[in-house]
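Read the structure below first, then the notes.
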Amino acid sequence: MNFELSSEHIAYTDAVRRFSLATLAKGALARAHSPHYPWDSAAMLAQQGLLGIPFPEQDGGQGGTLMHAVLAIQEVAQVCPRSADIVQAGNFGPIRTFVEYATPEQKARYLPDLLAGRKLISLGMTEPDAGSAVTDLRTSARREGDHYVINGSKVFSTHSPEAALFLVYVRFGPGVQGIGSVLVDRDTPGFRIGEPSTFMNGERWSQLYLEECRIPCGNLLLGEGGFKKQIAGFNVERLGNASRALALGRYCFHQARNYALIRKQFGRELCEFQGIQWKFADMAMKLEQAQLLLYRAAMEGEHGLPTAQSTAMAKLACNLAGWEVSNEAMQVMGGLGFSQESLVEYCVRRTRGWMIAGGSVEMLKNRIAEGVFERTFSQRPPSAA
């Protein structure tokens, strides 16, 4: 069993690292604290071939693998944490579900701009009354001739203030089998995007309102019975979330390590204090453990989709490691780590949010337990007798 990256993967990471240092290092701090999407970085990343990494070449992708996409996120994040969000958006999440199930006509219509970094796709999944219990969603779709009429509302959609295209989960009929998805263009009549709100991590989102919103039948992505396919794609999205969380934790680890080597208190470098040494030992262990689970899940996806169990374990481990390590690194660095003059406090805020988004750590534990016991456990109350 070989736990080392292949020579090809090492060469790939080296190339991404060189590109990132040359083009993304300048302005990294400003990008992190700007409320706006970094379109400048998106154009550079697209030109470098870092959007659409695991997608087929015939679709405009790079023909790579999930592992290549994971490695790209990690290397970009080490130089410009904010730009790693762009690599995520161009390889995971709704764009991956779109590439997997869109028709050739839909791909021709939307993918060129998405993969060039000129436009964004956002996921309309969570609703005011349907979060982790996503199958409780109420947004409805009814067929009227050559159109579907959509009614409902979505919240917490990543990139919603800037996105040009929205992949929206809708209900065609009752039960899980009645759930599917449609594509909604930003300028569609009956589709309204609310004023932006801001998360603790600085990321913005807008509530989405669909009121008798008419879309052509050609914008149907997955009809009734499509929910399980959508969730299978969502499992892959978790690897993008996991990669960023772990990468930002590792970024903070290195920043704190460099600080502990040169910062002196009481006449000694911080790294000479046993209490500080133990902190770094714990941080290193957490990062390496999570890294192995992430790579295992990514390698499962080399020839298909990784299992839900592997992605749940990877995301949980990476979310916890990213948050705990970045938070501990900030503690080591004291006031400097807490200041917006460094990117450490930004990473702390970002990693905290990913413990909620894309499957909360509690829901991930539920999923892992189902794998352990080889049975499902409903979170809903027993039906009344």
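- At least one donor-acceptor pair under 3.5 Å links the side chain of Q309 to the backbone N or O of I368.
- No more than 12 heavy atoms of other residues, nucleotides or ligands shown are found within 6.0 angstrom of CZ on F338.
- Here the side chain of R244 pairs no donor or acceptor atom with the backbone of D85 at under 3.5 angstrom.
- Using a 4.5 Å heavy-atom cutoff, the side chains of L261 and R257 are in contact.
- When all heavy atoms of G117 and A42 are compared, the closest pair comes out as O-CB, 3.7 Å.
- Across all their heavy atoms, S206 and P196 have their closest contact at OG-CA, 3.4 Å.
- Residues L183 and V99 fall within the same hydrophobic cluster, defined by Ile, Leu, Val, Met, Phe, Trp and Tyr side chains chained together at heavy-atom separations under 4.5 Å.
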Taking distance alone, no hydrogens or angles, what donor-acceptor pairs closer than 3.5 Å link side-chain atoms of residues 24-31 to residues at least two apart or in another chain?
residue: R31; atom: NE; partner: S41; partner atom: OG; Å: 2.8
residue: R31; atom: NH1; partner: L24; partner atom: O; Å: 2.9
residue: R31; atom: NH1; partner: K26; partner atom: O; Å: 3.4
residue: R31; atom: NH2; partner: K26; partner atom: O; Å: 3.2

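- Under the 3.5 Å distance criterion, the side-chain polar atoms of R186 are matched with a main-chain donor or acceptor of S160.
- In summary, the side chains of H68 and E8 do present a donor paired with an acceptor at a separation below 3.5 Å, with no hydrogens or angles considered.
- Salt bridge E100/K229: absent, no basic N to carboxylate O contact under 4.0 Å.
- Taking the side chain as every heavy atom from C-beta outward, Q74 and L294 approach each other to under 4.5 Å.
- Side chain to side chain, R250 and Q291 meet the donor-acceptor criterion of an N or O pair below 3.5 Å.
- In this structure, F377 and N366 have side chains that are not in contact, with every pair of non-hydrogen atoms separated by 4.5 Å or more.
- No side-chain heavy atom of T351 sits under 4.5 Å from any side-chain heavy atom of N319.
- Sparse packing is recorded around CD of Q331, with 12 or fewer heavy atoms of other residues, nucleotides or ligands lying under 6.0 Å away.
- Using modelled atom types, one side-chain atom of R171 and one backbone atom of G175 make a donor-acceptor pair closer than 3.5 Å.
- With a 4.5 Å cut-off on side-chain heavy atoms, Y169 and T139 do not count as touching.
- With sequence neighbours excluded, the residues forming a side-chain contact (heavy atoms from CB on, under 4.5 Å) with E211 are R192, Y209, listed by chain and number.
- The line from CZ of F199 to CZ of R350 is 10.0 Å long, rounded to the nearest 0.5 Å.
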key: Residues D185, K119; criterion salt bridge (Lys or Arg N to Asp or Glu O under 4.0 Å); working and verdict   = CA-CA 11 Å; D185 291 289; K119 292 184 178 180; over 6 Å; no

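- Looking at L210 and F166, their side chains never come closer than 4.5 Å, going by heavy atoms from C-beta outward.
- In terms of heavy-atom proximity, A133 sits nearest to R380 at CB-NH2, 4.4 Å.
- Atom CD in E237 sits 8.5 Å away from atom OG1 in T97 (nearest 0.5 Å).
- Considering only heavy atoms from C-beta on, Q230 stays 4.5 Å or farther from Y101 through its side chain.
- A donor-acceptor contact shorter than 3.5 Å links the side chain of R143 to the backbone of G145.
- Atom CD1 of I73 sits about 11.5 Å away from atom CD1 of I86, to the nearest 0.5 Å.
- The closest side-chain heavy-atom distance from R296 to S310 is below 4.5 Å.
- K286 contributes no side-chain N or O that, together with a main-chain N or O of V325, makes up a donor-acceptor pair within less than 3.5 Å.
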message = Is there a side chain to side chain contact (heavy atoms under 4.5 Å, CB included) between F55 and R96? Walk through the geometry before answering.
response = CA-CA 8 Å; F55 303 155; R96 181 174 180 87; 4.2 Å; yes

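- Salt bridge K279/D282: absent, no basic N to carboxylate O contact under 4.0 Å.
- Judged purely by atom type and a 3.5 angstrom limit, Q78 uses its side chain to pair as donor or acceptor with the backbone of A247.
- Residues W205 and L165 do not share a hydrophobic cluster, clusters being chains of Ile/Leu/Val/Met/Phe/Trp/Tyr side chains in contact below 4.5 Å.
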key: CA sep, side-chain torsions, deciding dist, call: N201, W354, side chain to side chain contact (heavy atoms under 4.5 Å, CB included)   = CA-CA 10 Å; N201 61 15; W354 291 325; 5.5 Å; no

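- Atom SG in C252 sits 11.0 Å away from atom CH2 in W323 (nearest 0.5 Å).
- Judged purely by atom type and a 3.5 angstrom limit, E75 has no side-chain atom pairing as donor or acceptor with the backbone of R18.
- Annotation: Q47, atom CD; neighbour count of heavy atoms from other residues, nucleotides and ligands within 6.0 Å does not exceed 12.
- Listed for the D59 side chain is no donor-acceptor partner under 3.5 Å among the backbone atoms of K107.
- To the nearest 0.5 Å, atoms CE (M313) and SG (C318) are separated by 13.0 Å.
- To the nearest 0.5 Å, atoms CG (L246) and NZ (K315) are separated by 12.5 Å.
- For the 3.5 Å distance criterion, the side chains of S153 and Q207 qualify, holding a donor opposite an acceptor.
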request  = For R138 and E127, run side chain to side chain contact (heavy atoms under 4.5 Å, CB included): C-alpha distance rounded to whole Å, both residues' side-chain angles, the deciding distance at 0.1 Å, then the answer.
outcome  = CA-CA 8 Å; R138 298 179 181 177; E127 297 185 359; 3.8 Å; yes

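- For R142, the side-chain contact (heavy atoms from CB on, under 4.5 Å) criterion is met by E144, V149, N151, E212, not counting sequence neighbours.
- A chain of hydrophobic side-chain contacts below 4.5 Å, direct or via other Ile, Leu, Val, Met, Phe, Trp or Tyr residues, connects M355 to V344.
- Smallest separation of non-hydrogen atoms from L248 and A77: CD1-CB, 3.9 Å.
- In terms of hydrophobic clustering, with Ile, Leu, Val, Met, Phe, Trp and Tyr side chains grouped at heavy-atom distances under 4.5 Å, L137 and V184 are assigned to different clusters.
- The two residues I121 and L114 come nearest to each other via the heavy atoms N-CD2, 3.7 Å.
- Applying the ring-ring contact (aromatic ring centres under 6.0 Å, His included) definition to pairs two or more places apart or across chains, those involving residues 118-149 are Y148-F172.
- Tracing side-chain contacts under 4.5 Å through hydrophobic residues (I, L, V, M, F, W, Y), one reaches L239 starting from L50; they form part of the same cluster.
- Donor-acceptor pairing under 3.5 Å is recorded for the side chains of N219 and R109.
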Verdict with supporting geometry, T158 and L123, side chain to side chain contact (heavy atoms under 4.5 Å, CB included) = CA-CA 7 Å; T158 302; L123 178 65; over 6 Å; no

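- By the side-chain contact (heavy atoms from CB on, under 4.5 Å) test, Q340 is found to be paired with H33, E345, R349, residues two or more places apart in sequence or in another chain being considered.
- Applying the ring-ring contact (aromatic ring centres under 6.0 Å, His included) test to every pair with at least one member in residues 243-268, sequence neighbours left out, gives these pairs: F253-F280.
- Distance alone, capped at 3.5 Å, is enough to place a donor-acceptor pair between the N91 side chain and the I53 backbone.
- In terms of heavy-atom proximity, A89 sits nearest to I95 at O-CG2, 3.2 Å.
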